[in-house]
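Residue numbers begin at 1 in each chain, while the letters A, B, ... track the order of the sequences. All values below were derived from every heavy atom in this structure, side-chain atoms included, with hydrogens, water molecules and symmetry-related copies excluded.
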Amino acid sequence: NRMHLVCPMNTSPHVDPHKSGHEVWEEFSHSFTPAVREVVEFAKKIPGFRDLSQPDQVSLLKAGTFEVLVVRFASLFDVKDRTITFLGGKKYSVDTLRAMGAGDLLNSMFDFSEKLINLGLSEEEMSLFTAVVLVSADRSGIENVNSVEALQETLIRALRSLITKNHPNESAIFTKLLLKLPDLRSLNNMHSEQLLAFKVH
Amino acid sequence: FSDPASNLGLEDIIRKALMGNLEERQE
């Protein structure tokens with residue numbers, strides 16, 4: 001009945017069976033906190049983000065941090081070798097993680113990472129796409145929808161302009177990127193369900 | 001489980017990380 005935490009934001013999927021649930025959670029939290037702080041630092045640098053109200057900044061980050069991390073850490077998923085590198089630096093195969101209890105979310109994240117990486121975006125394009133992911137006016141709890149929507153539209157226009165400039169013969173890339181947004185929502189929902197299962201367990 | 005971020009303690013991390021910046025704005 002050994003427990004495993006098959007999230008790559010953990011240092012390792014192995015959980016010390018002698019530790020309490022609280023201790024396991026504390027250790028996991030300690031592991032992913034720097035990545036979350038990086039997302040906040042990234043958000044602060046998005047032009048216009050700091051002009052949103054404080055509650056809306058928090059709401060956007062609460063709702064979108066997981067999706068931003070999926071984009072930023074897509075490279076942890078090695079599609080060719082079917083392995084995932086955890087934050088501790090060690091690689092684990094899909095089969096190993098499946099044996100530890102990983103489910104459909106794992107496959108869905110591999111699919112997403114493969115498609116995103118195959119688009120061959122530059123660092124600048126990826127950053128702008130990540131900003132679009134974070135600034136979404138339809139997140140729950142947004143107070144000033146108009147302000148968030150205006151910033152979202154500005155960012156989407158900038159992304160389209162950059163993609164069009166850099167890939168003049170590949171007009172479908174921008175559309176493909178926008179279609180990644182509902183994919184990320186779906187992954188976010190699946191992840192929330194897994195968290196619930198973990199907390200209940 | 002409508003608010004996974006709060007359950008994870010994410011909200012606290014986010015607020016603290018934003019805080020410095022927000023205090024800076026208030027000044």
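- For the atom pair B:L18 CG and A:L61 CG, the distance stands at 5.5 Å (nearest 0.5 Å).
- Atom CD of A:Q57 sits about 10.5 Å away from atom CZ of B:R15, to the nearest 0.5 Å.
- Within a 6.0 Å sphere centred on CG of A:D104, heavy atoms belonging to other residues, nucleotides or ligands number 12 at most.
- You'll find the side chain of A:K62 stays beyond 4.5 Å of the side chain of B:L10, heavy atoms only.
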